[in-house]
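Just so we're clear, the structure is a prediction, and the values are computed from it rather than from any experiment. Proteins come first, then strands; the chains are lettered A, B, ... in the order of their sequence lines, and each starts at number 1.
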Amino acid sequence: MKVVTRFAPSPTGFLHVGGARTALFNLLYARHCGGSFHLRIEDTDPLRSKAASIDAILAGLNWLNILWNGDIIFQSKRYNRHIEVAYDLLKRGAAYYCYCTMQELEEMRVAAKNAGRPIGYDGRWRDRDPREAPQGVRPTIRLRVQREGETILDDLVQGRVTVMNKQLDDMILLRADATPTYMLSVVVDDHDMGVTHVIRGDDHLMNAFRQAQIYQAMGWERPLFAHIPLIHGPDGTKLSKRHGVLGVETYRKMGFLPEAVCNYLTRLGWSHGDMEIFTTEQAVTWFDVRDVGRSAARFDIAKLTAINAHYLRRKDDSHLMRLALPHIESLIGMSVERVGRCRLEAAMPSLKLRARTISELAKAALFYVQPRPIPLDEKACQQLASVGRAILTILAEHLAGSVRVWEAQSLEDEIRQLAIEQNLTLGALARPLRAALTGAVVSPPIFEVAQILGREESLARLYDVLA
RNA sequence: GUCCCCAUCGUCUAGAGGCUCAGGACUCCGCUCUUUCAAGGCGGCAACACGGGUUCAAAUCCCGUUGGGGACGCCA
């Protein structure tokens, strides 16, 4: 059997991490099985669906390199097919017209809640004669749910789950305005697309039982289900805007790498022994949706950051340059000229070793491209007060008079020698030098910095401070 | 309220009856390296929610309790 999976977001917002992980698991499983993975946009609610959301979702998936097979399926374009099935169900006696008004249903819910009964439609039009229909009320079509017995679902992740059918109510298939509901559309589309494995968030677990009834009524074979646990916020509740997590693309802006995000998300709720760092290709060979854990995982930005640092260090310098440049330019508010770019490229190996995100890297790289005189932070100013300033004077004079090649190792040799002559430690000389050259008290190795800045720029920065 | 699910270090997890007085990763804390900061190396703190069973033996199986989460829309 060829495995077919799908990711079916509704275009009501951005692609959040939970959705991204669901998509990832669908992709991983399909590819693991040599099957196909599809994308379907669930835009059956015209009131909530937005074109901008579709763009955001596609952008997010593309960024993460979660690529689907074939064309995108828009549920809204399958409208006629959904309606056809609704009427088919009606004809089979598996569905019926319901003339309840919204207000009536609301009252029903309140009454049920107060009486301690399950909140849901009480089936009042289930067997009622349609001739009793009130005037002027456009009916909905509801499924005539099998109320006896129980439904068993052998979920690939949750295991065997049993629900009494009397817990299910007759859900609406077609709204009063004749548009299909999600509950109908998913089933029809999954069936027509030949979806074999429905992998989705476990907030849909109960829906599987309702949907099972539609499959049954239509005489269709039901796909296998895998309800994966939701991702929770640090406080243990379902991830929401309240947690400040936005679209997956926000993580791009925050300086995360897509491969790091994918690695982290895949590792959330799933593992392959002690493996922490792996490529998507490796995950494809190891992944089985049956191995996904049943308990919810909390989103931990610290671990994501650590994984990101790992990938950042291994990223090639020119690629990193392309990613970091926009961050840097927005920080200094101007474009980086050729000289600056050369410096950044030369500095990249030690810059990336000290950053965990592109943003951190950009911030740390700033001093390389800022125009003179570069700003000094508070600690650097302290460093360049009385004694530091005196040392800097000696350094400047010495370096300006030196004829040795301006290269990290020879600069270090020279300054070590100077330290001995002056009866000072290397640190005593290096600290003021660092402050003047970088404007800060922490930086990449200072002789490397001096080499990259070049003789002229370095001396100029020293004299800027002395002036 | 009704139904469903879950439960190993702070977090992500390994563990599918004996190999485990529970392993890895992140975080945190030491030490080391060192011109600063990182990285690297070494080390440390830290968990089987609780109570009953079953068994020669339970983190692993069963029941209950507690705690947490999710679903109950003419949303998806």
| said: Please classify the nucleic acid contact of Thr140(A) as base, sugar-phosphate, or nothing, using heavy-atom distances under 4.0 Å. | reply: base
| message | Do the side chains of Glu148(A) and Lys166(A) get close enough for a salt bridge, i.e. N-O under 4.0 angstrom? | response | no
| remark: Against the side chain of His204(A), the closest entry in C74(B), U36(B), A76(B) is A76(B)
| query | Reckon Arg48(A) touches a base, only the sugar-phosphate, or nothing at all at heavy-atom distances under 4.0 Å? | reply | base
| field | Ser443(A) side-chain proximity, nearest of U36(B), U13(B), C4(B) | value | U36(B)
| message | From the set U35(B), C75(B), G70(B), return the single nucleotide nearest to any side-chain atom of Glu412(A). | response | U35(B)
| Base U11(B) paired with Arg298(A) side chain (donor-acceptor, <3.5 Å) | no
| task | Write down the partner of A49(B) under the Watson-Crick or G-U wobble criteria, each distance required to be under 3.5 Å. | result | U65(B)
| Watson-Crick or G-U wobble partner for C9(B), using a 3.5 Å limit on both distances? | none
| Stepwise side-chain hydrogen bond (donor to acceptor under 3.5 Å, both in side chains) check, Asn308(A) with Thr357(A) | CA-CA 6 Å; Asn308(A) 200 68; Thr357(A) 63; 5.5 Å; no
| task | Mark yes when over 12 heavy atoms from residues, nucleotides or ligands other than Arg210(A) sit less than 6.0 Å from its CZ; otherwise mark no. | result | yes
| Pair partner, A16(B) [Watson-Crick or wobble, under 3.5 Å] | none
| Is there a residue in residues 183-191 of chain A whose heavy atoms reach under 4.0 Å of RNA chain B, and which residues are they? | Met183(A)
| Got a donor-acceptor pair under 3.5 Å from the side chain of Asp274(A) to the base of G23(B)? | yes
| said: Please give the distance between the P atoms of U65(B) and A57(B) as a whole number of Å. | reply: 26 Å
| request: Record whether the side chain of Asp43(A) comes under 3.5 Å of the base of A76(B) through a donor-acceptor pair of N or O atoms. | output: no
| query | Going by the angle between their ring planes, with limits at 30° and 60°, are Tyr264(A) and Phe299(A) parallel, tilted or perpendicular? | reply | perpendicular
| request: Pick base, sugar-phosphate or nothing for Pro445(A), based on heavy-atom distances below 4.0 Å to the nucleic acid. | output: base
| query | In Watson-Crick or G-U wobble terms, both distances under 3.5 Å, what is the partner of C33(B)? | reply | none
| With sugar-phosphate meaning primed atoms plus P, OP1 and OP2, does Leu353(A) contact a base, only sugar-phosphate, or nothing at under 4.0 Å between heavy atoms? | base
| task | Determine whether more than 12 heavy atoms belonging to other residues, nucleotides or ligands lie under 6.0 Å from atom CG of Asn423(A). | result | no
| query | Would you call Lys379(A) and Asp377(A) a salt bridge, taking side-chain N to carboxylate O under 4.0 Å as the test? | reply | no
| note | Exactly one candidate in His82(A), His204(A), Arg6(A) meets side chain to side chain contact (heavy atoms under 4.5 Å, CB included) with Val186(A); the answer is Arg6(A)
| message | Nearest to the Arg294(A) side chain among U13(B), A7(B), A76(B), which nucleotide is it? | response | A7(B)
| For atom P, what is the distance between C61(B) and G18(B), given to the nearest Å? | 12 Å
| task | Just name whichever nucleotide pairs with G1(B), Watson-Crick or G-U, keeping both distances under 3.5 Å, else none. | result | C72(B)
| query | Which part of the nucleic acid, if any, lies within contact of Leu429(A), taking any heavy atom under 4.0 Å across all strands shown: a base, the sugar-phosphate backbone alone, or nothing? | reply | nothing
| Can Glu259(A) and Lys315(A) be counted as an ion pair, charged N to O under 4.0 angstrom? | yes
| query | Considering only the P atoms, how many Å lie between U27(B) and A59(B), rounded to the nearest integer? | reply | 31 Å
| query | If you check the Arg267(A) side chain, which of G69(B), C12(B), G70(B) turns out closest? | reply | C12(B)
| Side chain of Arg416(A) (C-beta onward), nearest among G40(B), C26(B), U35(B) | U35(B)
| Considering only side-chain heavy atoms of Pro118(A), which listed nucleotide, C75(B), G70(B), U2(B), is closest? | U2(B)
| Rounded distance in Å between the C1' positions of U66(B) and A49(B) | 8 Å
| note | Comparing nearest nucleotides in RNA chain B, the 5'-proximal residue of the pair Met164(A), Leu268(A) is Met164(A)
| request: Give one of base, sugar-phosphate or nothing for Phe447(A), where a contact means two heavy atoms less than 4.0 Å apart. | output: base
| Roughly how far apart, to the nearest Å, are A14(B) and U60(B) at atom C1'? | 13 Å
| query | When you compare G10(B) with G1(B), how far apart are their C1' atoms, in angstrom units rounded to a whole number? | reply | 34 Å
| request: Have a look at Cys100(A) and say if it touches a base, only the backbone sugar-phosphate, or nothing, with a 4.0 Å heavy-atom cut-off. | output: base
| field | Spacing of the C1' atoms in A58(B) and A76(B) (rounded, Å) | value | 43 Å
| request: Answer with yes or no whether Arg354(A) presents, from its side chain, a donor or acceptor under 3.5 Å of a partner atom in the base of C37(B). | output: yes
| What does Thr425(A) touch in the nucleic acid at a heavy-atom separation under 4.0 angstrom: a base, only the sugar-phosphate, or nothing? | nothing
| remark: Per atom distances to the Glu276(A) side chain, the nearest of A38(B), C4(B), A25(B) is A25(B)
| Within the structure shown, what part of the strands sits under 4.0 Å from Ala176(A) by heavy-atom distance: base, sugar-phosphate, or nothing? | base
| message | Applying a 4.0 Å non-hydrogen cut-off, can you work out what Thr44(A) is touching in the nucleic acid: base, sugar-phosphate, or nothing? | response | sugar-phosphate
| For Thr181(A) and C74(B), is the shortest distance between a side-chain N/O and OP1 or OP2 below 4.0 Å? | no
| Can you tell me how far P in G44(B) sits from the matching atom in U11(B), rounded to whole Å? | 22 Å
| message | Base, sugar-phosphate or nothing for Pro444(A)? Non-hydrogen atoms, less than 4.0 Å. | response | base
| Salt bridge check: are Arg138(A) and Asp177(A) linked by an N-O gap of less than 4.0 Å? | no
| query | Starting at the 5' end of RNA chain B and moving along, which residue's nearest nucleotide shows up first, Trp270(A) or Asp177(A)? | reply | Trp270(A)
| query | Considering only side-chain heavy atoms of Ser295(A), which listed nucleotide, A7(B), C74(B), A76(B), is closest? | reply | A7(B)
| field | Distance under 6.0 Å and angle within 45° of ring axis: Arg142(A) vs Tyr121(A) | value | yes
| Looking at C72(B), G70(B), C74(B), which one has an atom nearest to any side-chain atom of Ile119(A)? | C72(B)
| task | Indicate the ring-plane relationship of Trp270(A) and Phe287(A), choosing parallel, tilted or perpendicular according to the 30° and 60° boundaries. | result | tilted
| request: Mind checking Asn207(A) for me? I need base, sugar-phosphate or nothing, with any heavy atom below 4.0 Å counting as a touch. | output: base
| task | Could you check which nucleotide pairs with A57(B) in any of the strands shown, counting Watson-Crick or G-U wobble with both distances under 3.5 Å? | result | none
| message | Heavy atoms only, 4.0 Å cut-off, all strands: where does Gly201(A) land among base, sugar-phosphate and nothing? | response | nothing
| message | Applying the Watson-Crick and G-U wobble criteria at under 3.5 Å, what pairs with C21(B)? Answer none if nothing qualifies. | response | none
